Amino acid sequence: MRVYLDNNATTKIDPLVRVKMQPFFEELYGNPNSLHKYGMEVRPALNEALGAMYDALGVPDADDILITSCATESNNSVLKGIFFKYILANPEKNHIVTTSVEHPAILDTLLFLSDYGVDVTYVDVDAEGGISAEAMMAAVTDKTILISMMWANNETGMIFPVEEVSAFAKEKGILFHTDAVQAIGKLKIDLSAVNVDYLTFSAHKFHGPKGIGGLYVKKGKELPNLLHGGEQMGGKRAGTLNVAYIVGMGLAMKQAAGHVDKMNTDVKRLRDKLEDAIKMIADTIVVGPREKRTPNTILISLRGIEGESMLWDLNKAGIAASTGSACASESLEANPVMSAIGEDPELAHTAMRLSLSRFTTEEEIDYTIKIFTAAAERLRSISSTYAYTNEVG
Ligand code: PLP
């Protein structure tokens with residue numbers, strides 16, 4: 001049996017999305033910026049896809065959705081765009097507030113910008129892996145131009161107080177960006193009710209294709225173009241549009257928004273079942289209270305068992321999980337979010353993330369529980385650190 005429990009890293013393409021994309025690899029290959037029939041015949045599908053995204057986010061099309069190649073590009077675009085438009089023009093307002101557990105696409109970009117005079121405050125997570133709205137607000141100074149805060153964390157699934165902090169940002173006249181990559185399809189997103197100026201998303205996290213994403217930009221909050229060249233996207237990002245993938249992303253987002261309830265009932269039930277079973281294993285820590293997490297995610301630590309050893313055992317049995325963000329998996333580093341949360345350094349090396357999707361089945365979860373429990377027993381029996389710490393108490 002093969003079980004895919006790494007849906008926070010990427011997801012399988014929804015079969016409906018694949019079918020919808022297919023004609024755009026075959027007969028409908030025109031460039032939408034061409035004036036002939038080939039160009040014109042793909043435009044309705046592009047407009048339909050964009051319309052689906054505006055609807056899914058609850059925004060009018062007077063606002064903008066910038067199509068990008070991925071969430072990494074969206075995050076880079078917003079941070080560098082704000083640097084070019086606002087900070088270069090007025091270095092007095094050079095302060096950005098963010099969290100210490102953002103994706104590297106935020107953290108590394110801010111590190112880069114700090115060499116150019118940008119001052120960044122990183123708000124730490126609390127013991128549950130959460131971010132307090134008060135701490136975010138307290139970090140703001142009269143030099144703050146932007147608050148950038150993810151909607152849900154990719155490692156823990158912890159949901160951050162975007163509504164509260166964004167309302168505060170509006171009151172103070174500070175721009176607000178959220179990396180909503182892990183929130184789309186898992187939480188109800190309605191930007192008509194939340195003061196978000198910029199929002200990042202990525203199709204491959206909600207059963208769309210890889211290599212395509214977007215940045216929502218509120219009307220009046222436009223950013224400078226970072227990719228100069230052609231006139232595509234109204235001159236806001238040059239480069240021929242990837243029609244097939246945009247069409248796929250539009251349907252995938254519509255489907256994701258339509259499945260939020262299922263995620264919070266059926267998928268959550270399976271997640272809770274798996275979590276309950278894992279918690280029966282001695283010395284297990286699950287990060288964050290369930291009700292504060294996205295419905296598909298578990299970040300756990302089993303004392304005395306290296307995350308990688310467990311992953312190998314699971315992998316041999318056909319189960320895919322991860323020790324955390326796929327972007328850091330080649331370096332076999334300690335889990336950064338666990339490091340941020342835990343006093344105990346062992347936590348960071350024993351972390352393991354299991355993330356479900358709406359395609360996960362009960363049979364897959366039952367199989368995972370069986371394999372996981374047996375693997376934990378086997379690895380504990382050969383773990384010298386576990387035997388030692390148990391002996392000394
Ligand atoms: N932001 C978050 C919260 C993510 O989880 C990820 C991917 O793991 C990204 C950004 C980067 O996404 P992409 O692969 O589309 O660049």
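When reading the values below, keep in mind they use all heavy atoms of this one structure, side chains included, and skip hydrogens, waters and symmetry mates. In this text, all values refer to a predicted model and were calculated from it rather than measured experimentally. The first residue in the sequence is number 1, and the count goes up from there. Just so you know, ligand 1 is whichever comes first in the structure, and atom 1 is the first atom listed for that ligand.
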Please determine whether the number of non-hydrogen atoms from other residues, nucleotides or ligands lying under 6.0 Å from atom [atom1] of [X] exceeds 12.
{"X": "Lys254", "atom1": "NZ", "answer": "no"}
{"X": "Tyr38", "atom1": "OH", "answer": "no"}
{"X": "Glu291", "atom1": "CD", "answer": "yes"}

[X] heavy atoms, cut-off 4.0 Å: which ligand 1 atoms fall inside?
{"X": "Asp179", "value": "1 (N), 2 (C), 3 (C), 10 (C)"}
{"X": "Val181", "value": "1 (N), 2 (C), 3 (C), 4 (C), 5 (O), 6 (C), 10 (C)"}
{"X": "Met150", "value": "3 (C)"}
{"X": "Cys70", "value": "13 (P), 15 (O), 16 (O)"}
{"X": "His204", "value": "13 (P), 14 (O), 15 (O)"}
{"X": "Lys205", "value": "5 (O), 6 (C), 7 (C), 8 (O)"}

Check: Lys262 main-chain N/O paired with Asp266 side-chain donor or acceptor under 3.5 Å: no

Close N or O approach (Asn8, ligand 1; < 3.5 Å): no

Per-residue contact class, Asn154 against ligand 1 - non-hydrogen pairs under 4.0 Å: side chain

For ligand 1, the portion of Glu102 having any non-hydrogen atom under 4.0 Å away: neither

Phe112 six-ring face occupied by Lys80 cation (under 6.0 Å, within 45°): yes

Distance under 6.0 Å and angle within 45° of ring axis: Lys12 vs Tyr4: no

Closest to atom 15 (O) of ligand 1 (judged by heavy-atom distance), picking from Ala152, Ser69, Ser202: Ser202

Within the 6.0 Å centroid threshold, strictly below: His207 and Phe359: yes

